[in-house]
Amino acid sequence: MRRLLQNKVAVLCLAIIALFTLCGIFAPWLAPYNPNETDIINTFAPFSRQYIFGTDYLGRDVLSRMLFGIRTTLFYSFFTMLITAITGAIIGIASGYFKGKLDDIIMRLCDIMLSFPYEILVLSIVGVLGPGLFNIVLANFIAKLAWYVRMIRSAVVAHTHKNYILYSQTVGTSKRYILLRHLFPNVAAEITLLATLDIGWIILNISTLSFLGLGVQLPTPEWGAMLSEAKEVLFSNPEQMVIPGLAIMIIVATFNILGDSLRDVFDPKEQQ
């Protein structure tokens, strides 16, 4: 924690993420209008004190839709990352520690899953299940799980050959104690790093599927869906695409930079 707080870039990234998160949590109180309320008279209203980011082709307040869009884009990305990381950690730790036939079966399944390109696998799953928020969360979970399992298993295998694990096994320490008190705390930092680097891809994926009409369905506010609506007026009202596009760029870049900063913080060579 001390090293993290000393890293100014990481602290700045965490502050930006916290700001977006708080805006999403308090969206009902921060949004000046109902995000789905239409006003045909005020379509494409310019930036003003009344409409800070203007209005869209249905007269809906863009700022209100952006704030509520955080709940869809960012929160569901958090949820997808969380369930994938937790499930991947459980399977990866079990596979790397117990080995044997269980490890062989899990690794062969991971090989099969990883043989398919990530984007194609997600599109295939969504294409079979149909569009919808739950389906894109499930598709990302399935597509990313094998990657988490393999990466976490590799970290566990590296730790199982270290002296403190071998000593615990020699003196008869229970496997449950070794898993919970030795292995998990040591791979927790690597799990956090993997999840932080991965969430930017999940945000892009959810936004991309919504942009293609396979993700969040209208009129639910979502940044990718807002980009899809705005592409029809790209030349007449380009600001309609700039605002959600800029928001996606900022949050994805922030997570990527945070992941790089956490790698520096968790690097054992940097701690010497």
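No experiment lies behind these values; they were computed from the predicted model shown.
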Trainee: Count I, L, V, M, F, W, Y as connected when their side-chain heavy atoms are under 4.5 Å apart, and connections chain through other members. Are M107 and V157 then in the same cluster?
Mentor: no

Trainee: Enumerate the residue pairs fulfilling ring pair (Phe, Tyr, Trp, His ring centres under 6.0 Å) with a member in residues 63-90, sequence neighbours excluded, ordered by first and then second residue.
Mentor: F78-F255

Trainee: Find out if a path of hydrophobic residues (ILVMFWY) with successive side-chain heavy-atom gaps under 4.5 Å connects L82 to I202.
Mentor: no

Trainee: My understanding is that only residues two or more places apart in sequence, or in another chain, count here; which of them pass salt bridge (Lys or Arg N to Asp or Glu O under 4.0 Å) with R108?
Mentor: D111

Trainee: Can you name the closest pair of heavy atoms from A247 and M66 and give their distance?
Mentor: CB-CE, 3.4 Å

Trainee: Go through the steps to decide whether I136 and L133 satisfy the test side chain to side chain contact (heavy atoms under 4.5 Å, CB included), and finish with yes or no.
Mentor: CA-CA 5 Å; I136 62 175; L133 190 54; 3.7 Å; yes

Trainee: Hydrophobic cluster membership, with links at side-chain heavy-atom distances under 4.5 Å among I/L/V/M/F/W/Y: are V149 and L109 in one?
Mentor: no

Trainee: In Å, rounded to the nearest 0.5 Å, how long is the span from CD1 of I250 to CG of L19?
Mentor: 10.0 Å

Trainee: Tell me whether I41 at atom CD1 has more than 12 heavy atoms from other residues, nucleotides or ligands lying less than 6.0 Å away.
Mentor: no

Trainee: Using the rule given for side chain to side chain contact (heavy atoms under 4.5 Å, CB included), can you reason through L227 versus S207, listing the C-alpha separation, both sets of side-chain angles and the distance that settles it, and then say yes or no?
Mentor: CA-CA 9 Å; L227 280 174; S207 299; 5.9 Å; no

Trainee: Quick one: does N34's side chain have a donor or acceptor within less than 3.5 Å of a partner on N36's backbone?
Mentor: yes

Trainee: Linking directly or through intermediates, with side-chain heavy atoms under 4.5 Å: list the remaining ILVMFWY members grouped with Y51, chain and number order.
Mentor: Y33

Trainee: Looking only at non-hydrogen atoms, find the nearest pair between I206 and S77 and report the distance.
Mentor: CD1-OG, 3.5 Å

Trainee: Can you pull the ring pair (Phe, Tyr, Trp, His ring centres under 6.0 Å) pairs that have at least one residue in residues 111-157, sequence neighbours excluded?
Mentor: none

Trainee: Measure the spacing between CD1 of I52 and CG of D61 and express it to the nearest 0.5 Å.
Mentor: 8.0 Å

Trainee: Taking T84's backbone N and O only, do any of them form a donor-acceptor pair with T87's side chain (distance below 3.5 Å, no angle check)?
Mentor: no

Trainee: Applying ring pair (Phe, Tyr, Trp, His ring centres under 6.0 Å), which residue pairs with at least one partner in residues 186-237 are found, sequence neighbours left out?
Mentor: none

Trainee: I'd like to check M113 versus L121 (side-chain heavy atoms, cut-off strictly below 4.5 Å). Are they in contact?
Mentor: yes

Trainee: Test of understanding: with side chain to side chain donor-acceptor pair (under 3.5 Å), list the residues that count as partners of S228, not counting sequence neighbours.
Mentor: K231

Trainee: What is the distance from atom CG of L138 to atom OG1 of T80, rounded to the nearest 0.5 Å?
Mentor: 9.5 Å

Trainee: Using every non-hydrogen atom in the two residues, find where A155 and V187 come nearest and quote the distance to one decimal.
Mentor: CB-CG1, 4.1 Å

Trainee: Answer whether the closest heavy-atom distance between the side chains of L197 and D260 falls below 4.5 Å.
Mentor: yes

Trainee: If every non-hydrogen atom of V9 is compared with every non-hydrogen atom of S261, which pair is closest and at what distance?
Mentor: CG1-OG, 3.4 Å

Trainee: Could you state whether L129 and V122 fall into the same hydrophobic cluster, counting links through intermediate Ile, Leu, Val, Met, Phe, Trp or Tyr residues with side-chain heavy atoms under 4.5 angstrom apart?
Mentor: yes

Trainee: Please name all residues satisfying side-chain contact (heavy atoms from CB on, under 4.5 Å) with P238, sequence neighbours left out, ordered by chain then number.
Mentor: none

Trainee: Return the set of residues passing ring pair (Phe, Tyr, Trp, His ring centres under 6.0 Å) with Y97 (not counting sequence neighbours), or none when no residue passes.
Mentor: none

Trainee: Run the side chain to side chain contact (heavy atoms under 4.5 Å, CB included) check on M226 and V62 step by step: do they pass?
Mentor: CA-CA 9 Å; M226 292 176 67; V62 174; 4.1 Å; yes

Trainee: Are any non-hydrogen side-chain atoms of L30 and L22 less than 4.5 angstrom apart?
Mentor: no

Trainee: Using the salt bridge (Lys or Arg N to Asp or Glu O under 4.0 Å) criterion, which residues pair with R153? Sequence neighbours excluded.
Mentor: D103

Trainee: Are more than 12 heavy atoms from other residues, nucleotides or ligands located less than 6.0 Å from atom CZ of F26?
Mentor: no

Trainee: Ignoring hydrogens and geometry, is there a side-chain-to-backbone donor-acceptor pair from Q217 to G213 under 3.5 Å?
Mentor: yes

Trainee: Which pairs count as salt bridge (charged side-chain N to carboxylate O under 4.0 Å, His left out) when at least one residue sits in residues 43-59, sequence neighbours excluded?
Mentor: D56-R60

Trainee: How long is the straight-line distance from OG1 of T208 back to CD1 of I203, given to the nearest 0.5 Å?
Mentor: 11.5 Å

Trainee: Would you check if E229 and Q240 make a side-chain contact, meaning some heavy-atom pair closer than 4.5 Å?
Mentor: no

Trainee: So, the side chain of E222 versus the backbone of R71: is there a donor-acceptor pair under 3.5 Å, distance only?
Mentor: no

Trainee: Checking T220 now: which residues fulfil side-chain contact (heavy atoms from CB on, under 4.5 Å) with it, not counting sequence neighbours?
Mentor: T72, V216

Trainee: State, to 0.1 Å, how close G24 and I70 come at their nearest heavy-atom pair, and which atoms those are.
Mentor: CA-CG2, 3.7 Å

Trainee: Would E232 and Y57 count as having a side-chain donor-acceptor pair, cut-off 3.5 Å?
Mentor: no

Trainee: For the pair N135 (side chain) and G130 (backbone), establish whether a donor and an acceptor sit closer than 3.5 Å, ignoring hydrogens and angles.
Mentor: yes

Trainee: Using only atom types and a distance under 3.5 Å, with no angle test, would you say the side chain of N42 pairs donor to acceptor with the backbone of A45?
Mentor: no

Trainee: If I take atom SG from residue C110 and atom CG from residue L145, how far apart are they, to the nearest 0.5 angstrom?
Mentor: 7.0 Å

Trainee: Sorted by first residue and then second, give each salt bridge (charged side-chain N to carboxylate O under 4.0 Å, His left out) pair with at least one member in residues 139-148; sequence neighbours left out.
Mentor: K144-D198

Trainee: Do the non-hydrogen side-chain atoms of L58 and T43 ever get within less than 4.5 Å of each other?
Mentor: no

Trainee: Applying the 4.5 Å side-chain criterion to the ILVMFWY set and letting contacts propagate, would I257 and L262 be lumped into a single cluster?
Mentor: no

Trainee: OG/S95 to CD1/I90 distance, rounded to the nearest 0.5 angstrom?
Mentor: 13.5 Å

